[in-house]
Each structure stands twice: as C-alpha cells, then as structure tokens.
K.L.:
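Quick one: this structure, given as structure tokens, is what I'll be asking you about.
Both backbone and side-chain heavy atoms feed into the values below; hydrogens, waters and symmetry mates do not. Sequence positions, counted from 1, serve as the residue numbers for this chain. Predicted model only: the values in this text are computed from it and were never measured.
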Amino acid sequence: MPYNDFIMSETPMTSAQTAQERDFEFECAFTVLGKQPIVLCIGSDRVTGDCLGPIVGQMLVERKADAVVYGTLSSPVTALNLKDAIGHIKDVHGDKKVLAIDSSVGRLSDVGKIRIAFGSIAPGSADGKKLPKVGDVSITATVTDPHKTPLSAVRLGTVYALASEIAERIIRCLQ
C-alpha cells in the first residue's frame, strides 16, 4: 500500500516547500474523497496513545468541518463498536468514500510521523485484534514504539499535537 509521510516536530517548519508538500498530500486525498466525506475517527478515550482518532473527531466537530464525523471524545468508535459503526455508515451513507483516522505504533524513528494512504487500515492490528479493515483513504500517526513506551503511557501532548495537525489540514482541505 503506497503512503506518504511527514514528521511532526516541536519546532516551526522552516521550509515553505515542505508545508506545500504536506498540503498537497492532503489535497490529493480529499480529491478522492469528494464533497462532505465520511470521517471515521477510531480509538479509545481511555488510553492516551489510542485517543488520536477521537481527538481529531472532536476537533472537526467543534470547528464545524464540512464532513460527517464518527468518533469523538464523547462518542468514540473503538474495537467494541467498530463493526456497528461500519454497518451504520454503509446503511446511512451508501457508497460515500470514508476517511479512516487512527493512531499507530512503530519504530522509535517513526514516532511523530503522519501517513496518508490510499486504501484501508486494519485498526487494532498492533494488539493482535482481528477487526475489519476500513477506509478508502486513511491517515495514521505513529504515537509510540511499543518496545519503549506502551500506548497507555504515551504523552497526551504528543497525541494532541499530531491530532491538531491532522484536524487543521483536514479543515483546510474541506474549505
């Protein structure tokens, strides 16, 4: 599955070209998704490293993004209700394209990277869960190396910064 990634950093971007490249990746994804896409933000608000999706969903709803958003801090889409959410989306929204957003784990060198892929993701695969694949386009952000820091001990500031970057770029693409 092809993907593109970029690294979040705590220092401001210094290259206008890098910012343009990042914007371009998101714009390409939203060209595929079309108008008022379905955004499925996956994760649990009970595990810091897994709350990226619900935080992005919350930010999109609060900023009144022109999208149909599933998965917020007050109503998360987790491993327990993912199948129901997918079924509901298919029933209510038919053939509309879905953008799936979830946190991921990876190598220490990948922590802070946001990846955009044209294709589905398999939520929970890092924990060995067998959940349905979802999404026509997906965005994941690597929040930890599980050998160094478990999902439950990931700093909220790290997750929040990644979520904020993702939400901001989504909102820009929807305008």
K.L.:
Between Q36 and A67, is there a donor-acceptor pair closer than 3.5 Å when you use the side chain of the first and the backbone of the second?
P.N.:
no
K.L.:
Can you list the steps and then say if V98 with V137 is a side chain to side chain contact (heavy atoms under 4.5 Å, CB included)?
P.N.:
CA-CA 7 Å; V98 175; V137 174; over 6 Å; no
K.L.:
With the side chain counted from C-beta on, respond yes when D136 and F118 share a heavy-atom pair under 4.5 Å apart, and no when they do not.
P.N.:
no
K.L.:
Heavy atoms, side chains only, cut-off 4.5 Å: are T72 and C41 in contact?
P.N.:
no
K.L.:
Could you tell me whether a side-chain N or O of S103 sits under 3.5 Å from a main-chain N or O of G49, the two making a donor and an acceptor?
P.N.:
yes
K.L.:
Taking all heavy atoms of L174 and all of A65, pick out the closest pair and write down the distance.
P.N.:
CD1-CB, 3.9 Å
K.L.:
Could you report the tightest heavy-atom contact between P146 and V105, atom names first, then the distance?
P.N.:
CD-CB, 3.8 Å
K.L.:
Can you tell me how far apart CD1 (I170) and CD (E165) are? Round to the nearest 0.5 Å.
P.N.:
10.5 Å
K.L.:
Check L162 against A141 and note the closest heavy-atom contact, atom names and distance.
P.N.:
CD1-CB, 4.1 Å
K.L.:
Take E168 and R63 through the salt bridge (charged side-chain N to carboxylate O under 4.0 Å, His left out) test and state the conclusion after the steps.
P.N.:
CA-CA 10 Å; E168 180 60 37; R63 295 197 46 201; 2.8 Å; yes
K.L.:
Within this structure, what is the OG1-CG distance for the pair T140 and L52, rounded to the nearest 0.5 Å?
P.N.:
9.0 Å
K.L.:
Can you name the closest pair of heavy atoms from S164 and M59 and give their distance?
P.N.:
CA-SD, 3.7 Å
K.L.:
Enter the distance from T149:OG1 to L108:CG here, rounded to the nearest 0.5 Å.
P.N.:
8.0 Å
K.L.:
Short question: side chain of T144, backbone of V154 - any donor-acceptor pair under 3.5 Å?
P.N.:
no
K.L.:
Do N81 side-chain atoms and P76 backbone N/O form a donor-acceptor pair below 3.5 Å?
P.N.:
yes
K.L.:
Could you give the distance from NE2 (H93) to CG (L40), rounded to the nearest 0.5 Å?
P.N.:
10.5 Å
K.L.:
Only one of V32, V134, V39 forms a side-chain contact (heavy atoms from CB on, under 4.5 Å) with L99, so which one is it?
P.N.:
V39
K.L.:
Taking C-beta and beyond as the side chain, do P37 and K97 meet within less than 4.5 Å on heavy atoms?
P.N.:
no
K.L.:
Between S44 and T78, does the side-chain hydrogen bond (donor to acceptor under 3.5 Å, both in side chains) criterion hold? Intermediate values first, please.
P.N.:
CA-CA 6 Å; S44 172; T78 68; over 6 Å; no
K.L.:
Heavy atoms only: give me the nearest L82-P132 pair and the separation to one decimal.
P.N.:
CD2-O, 4.0 Å
K.L.:
Evaluate the side-chain proximity of T48 to L151: yes if any heavy-atom separation is below 4.5 Å, no if none is.
P.N.:
no
K.L.:
For P123 and L131, which heavy atoms make the closest approach, and how far apart are they?
P.N.:
O-CD1, 3.3 Å
K.L.:
Does D145 use its side chain to pair, donor to acceptor, with the backbone of R107 at less than 3.5 Å?
P.N.:
no
K.L.:
Is S75 reaching over with its side chain to a backbone N or O of G71, donor-acceptor style, under 3.5 angstrom?
P.N.:
no
K.L.:
Can you tell me if NZ on K96 sees more than 12 non-hydrogen neighbours from other groups inside 6.0 Å?
P.N.:
yes
K.L.:
Is the shortest heavy-atom distance from the side chain of C51 to the side chain of L156 under 4.5 Å?
P.N.:
yes
K.L.:
Mind checking whether K90 and I86 have side chains closer than 4.5 Å, heavy atoms only?
P.N.:
yes
K.L.:
List the steps and the verdict of salt bridge (charged side-chain N to carboxylate O under 4.0 Å, His left out) for R115 and D110.
P.N.:
CA-CA 10 Å; R115 289 189 167 87; D110 288 337; 3.6 Å; yes
K.L.:
Would you mind reporting whether Y70 and H88 have side-chain heavy atoms less than 4.5 Å apart?
P.N.:
yes
K.L.:
Are I42 and I101 close enough that some pair of their side-chain heavy atoms sits under 4.5 Å apart?
P.N.:
no
K.L.:
Could you grab the distance from atom CD of Q58 to atom CG of D45, nearest 0.5 Å is fine?
P.N.:
10.0 Å
K.L.:
Within this structure, what is the CD1-CD1 distance for the pair I38 and I89, rounded to the nearest 0.5 Å?
P.N.:
6.5 Å
